[in-house]
Structures are given as structure tokens and as C-alpha cells.
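Reading through the C-alpha cells given below for one structure.
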There are 2 protein chains.
Amino acid sequence: MKQLKDTSTEEKILEAAKEVFMKYGLYGARMQDIADTAGINKALLHYYFRNKEKMFDKVFEGALQKYFTQMDVFGDTTLPIKERIFRYIDNIVNFLSEYPQMTMFIIKEISINPEMFKEKVQPLKKGRGVRFIQALEEEISTGKIKKVDSVMFMINLHSLCTYPFIGAPLFKHALKANGKDYEKDFSTEKLKQSAKNFVELTLGK
Amino acid sequence: MKQLKDTSTEEKILEAAKEVFMKYGLYGARMQDIADTAGINKALLHYYFRNKEKMFDKVFEGALQKYFTQMDVFGDTTLPIKERIFRYIDNIVNFLSEYPQMTMFIIKEISINPEMFKEKVQPLKKGRGVRFIQALEEEISTGKIKKVDSVMFMINLHSLCTYPFIGAPLFKHALKANGKDYEKDFSTEKLKQSAKNFVELTLGK
DNA sequence: TTTGCATTTAACCAAACGGTTAAACCATTC
DNA sequence: GAATGGTTTAACCGTTTGGTTAAATGCAAA
């Protein structure tokens, strides 16, 4: 019962901290706001996580871990390259639709404090995009797919899969002004199909 | 000499305010930080812009105006649709590469305070994307281009043009881990070509 | 030179901020 | 039921925050 209550409070705080830090960033977030969101006394924040910076680190490291773990799954080497990319698309679109704010959170914070990247990402990152680009260039050299700019292809594919979630607030209003509805006219399945179509058309043969 | 000095100070403040607000957002920005960046006394901020909120409003409204003015240029109706889209791509990629932080700034702040959108965007926005999607659907109905999902096409094209700048901090590190170099292997011209190629392949015929 | 007025500054203020503490609480153990 | 020890709280502290003020500065007209 003891341990259960402990982790419960600690996780309530962590959940609230995620929410507030993701919305306002390290400098914009207020400890009182986190406490209110968690529905607990402010002093408990310091009881479980000494101070604001340490609490932020926990949240940010958790986000990095989750993000780079998911975004680096470029599985089964025995599959044909297109099938690998298709599964990669399914995987990251599912992930990004579940955590639409995470990408911006990470980008914002590392652009404010670039040293964090070296400290926290380099260790856990054996190389995002490495397997993707390498695999692509190998397939190009064997002539199985069209000669494409591997860097631009990787950037374009990530753009297609990522920005629809980041830019949702803009798209929602732009579409409404157009008699369209983001919730109705956009879907993750349509997006997956678009992205796969892009791959097919670009790598084609 | 009087008027010249006035506007000079006021613009120094506005420039500094843009920089700091874009980096930290409304809540994360510090008035002292803005004053230091502008190289002037903190009290001058209140002399020229009564308080933080009013100063932020000026900066944010300026950003909105610039953004939606540029992103809504979908010019010459007499040109063929593909040529119109190509020019649109040139236009927004040039703009986004010049102000790479602006998109995120706008998205972040309107997702924190959605009412601002209605207050500040609706008035100056006769309908972003309206002309784009409408023109597209007209061309589809006449059979001049392939039958595509106009909403998804618009989202995908904006993703291709926008995210490479937003995600630059991520791409830089991902590419470095890969023996590539963002500054060398990515360029706005390559991006324009990619986007136009996407249009060609998607709308084809 | 002096007057008048916009601009700039240092000093200051109350409120909000992150953080601490001592006491209260509460479930478990003896 | 008394003692133990982890958990929670209200009250508090020093600093930073946005904002104000009165005095100083500088410049142009009289």
C-alpha cells in the first residue's frame, strides 16, 4: 500500500509536469501550475524532485527516450526496402499522432539549450536516421530503386509524417475557412497512404 | 532628429522583443532580457509599450500579419494551376527560410491561447488555403489534373515546405551522425525542386 | 540663456516566483 | 497504544518578476 501510494503521487506529478513543461517550456512553466494540475501541494514537487531543473530533466529525458526509441525503429533487414519504409511510416505516424506535442517540445528546448542535446541525446542515440539513410543508399547502389537524394528523401518523408500534427492548429482554422473539417478530412490513415504513395512515386521503378 | 531617435529606440525594442518572445514565448520571456537584448533601460519598455502583454501583442500581430500575408499569395489566376503552385512554392520556401522560427512561434502561442486566433487572425485572414484548395478542386473537376484529395494535398505540400526549417535542429544532428551535413546536403533550392517534383508526380497527367 | 517637452535613467515597489522548514498526518510494526 | 518512518501540508523565506516614479538628461524653440 505504501509503495503504491508513493508511485501514484510521483506519477501524478510527472504527468502534470509533462503537460505544463510541454506547453510552456522550462522557463515559462510555473511550479504552482504543475502542483495545481497534479492536484497536490507545491512542496511535494520538491519532495519528489529536488528542484525545477531536476524535474524538467526527468520529463525531458523521458520525452527524448520515447521519441528517439520510436523514431529509430527501422526494423527487419530481411524485408524489401519499400516494405521496411512502409512499416516505418506506420510506426512513426501512429507514434506522432499519439504524442503530437512531443516533437515541438524537443525541438524548442534543444534550440534554447543546445548543450542538452550532446548531454542527453548523444548517449542514447546510436544514430537516428543512420540506418534509414544507409539502407537507402545501399539499395540505390544495387539499382533496386531510383537514384534519389537520400538526405532530401529522408527530410521530405519526415516532413510529411510530422508536420500534419505540429501544424494542426493552423490547418484546423485554414480548413474551416474553406468549408472543410480537419477532424473529418484529415486522418492518420490518409496520411500513411499519402506518405507511402510519395515513397512509391519517388523510389518507384 | 527627435522623431528619428524615437523610432530608432522603439524599433530596437521591437527587434529585441521579437527575438526573446519567439525564443521563450509570452510566459517564458523576461522583460529584463528584452531590455538587455535591446541595450536599453528596462523602464523604456513600459514607456513605449505600457506592459508585457501589449508589447507581446504588437510582436505577435506583426508576425501574424507577415505570415498570413506571405502564405496567402496564390497569385495570377490566368496561369496554369501547376505554374501557380510552383510559384507558390518558391514564394513560401523563400519566406520560411528567411523566418524559420516564425511558424513555430505562431503555432505555439495560438495553441496556448486559442482565443487569440479569433481575435487577431480572423480579421486579417480572408481565408488562408481557401484560394489554394478551391483552385485545386476546380482544376480537378475540369479534369486537367489527377483526382487527388485536395485537403491531403494541401497539408502534404505545406509539410514538405515548412518542416525542413522547423525540424532543422533535429535534422542537423541526425545527419551529422550519418556522415552528412545539413548545411551542405540541404538547400532551399533542393527543397523547392523536391516540392515541385511532388506536385508533378501527384497531380501529374 | 532659458524655457519647455520628450526621452532616459536609477531607485524603488508589490506580487509572484522557486524553494525550505517544522509540524501534522497516517499507515505499519512492535 | 506507543513508537517508527515515510508522506503531506501550511507557513514562511529570499530572490526575481513586471511595473512605477521622480529625478536627470538632452534637444529645440523662444
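Each chain gets a letter, A, B and so on, in the order its sequence line appears, and its residues count up from 1. Worth saying up front: this structure is predicted, and the values here are computed from it rather than measured.
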Atom-to-atom span, CG of B/L45 to C1' of D/dT20 - whole angstrom: 13 Å
Using a heavy-atom cut-off of under 4.0 Å over every strand shown, decide if A/N41 touches base, sugar-phosphate, or nothing. base
Candidate nucleotides C/dG19, D/dT8, C/dT9, ranked by approach to the side chain of A/L44 - the nearest: D/dT8
Check whether the side chains of B/Q193 and B/N197 place a donor and an acceptor atom closer than 3.5 Å, and report yes or no. no
Heavy atoms under 4.0 Å, any strand shown: does A/A35 hit a base, just sugar-phosphate, or nothing? nothing
Any idea which of C/dT21, D/dT8, D/dG19 is nearest the A/A43 side chain? C/dT21
In whole angstrom, what separates A/D36's CG from C/dA16's C1'? 13 Å
What is the distance, rounded to the nearest whole Å, between atom CD of B/Q32 and atom C1' of C/dT9? 13 Å
Could you tell me the separation between the CZ atom of B/R30 and the P atom of C/dA16, rounded to a whole number of Å? 15 Å
In whole angstroms, the gap separating P of D/dT16 from NZ of A/K52 amounts to 14 Å
Polar side-chain atom of B/K52 near backbone of B/H46 as donor-acceptor pair, under 3.5 Å: no
A/H46 side chain near C/dG19 phosphate (N/O to OP1/OP2, under 4.0 Å): yes
Compute whether any side-chain donor of one residue and acceptor of the other, for A/S150 and A/E137, lie under 3.5 angstrom apart. yes
Taking the minimum atom-to-atom distance to the side chain of B/Y48, which one of D/dG19, D/dT9, C/dT8 wins? C/dT8
Please report the distance, rounded to the nearest Å, between OH in B/Y47 and C1' in C/dT8. 9 Å
With side chain to side chain donor-acceptor pair (under 3.5 Å) as the test, would you mind laying out the steps for A/E98 and A/N94 before giving the verdict? CA-CA 6 Å; A/E98 194 175 355; A/N94 286 340; over 6 Å; no
Inspect the contact between A/D90 and A/K196 and indicate whether a charged nitrogen and a carboxylate oxygen are less than 4.0 angstrom apart. yes
With hydrogens left out and only the distance checked, is there a donor-acceptor pair under 3.5 Å joining A/K42's side chain and the base of C/dG19? yes
Side-chain contact check for B/I40: nearest option of C/dT9, D/dT8, D/dG19 is C/dT9
Nearest-Å distance, CE (B/M31) to P (C/dC13)? 20 Å
For atom CG of B/L26 and atom C1' of D/dG18, their distance in whole Å: 12 Å
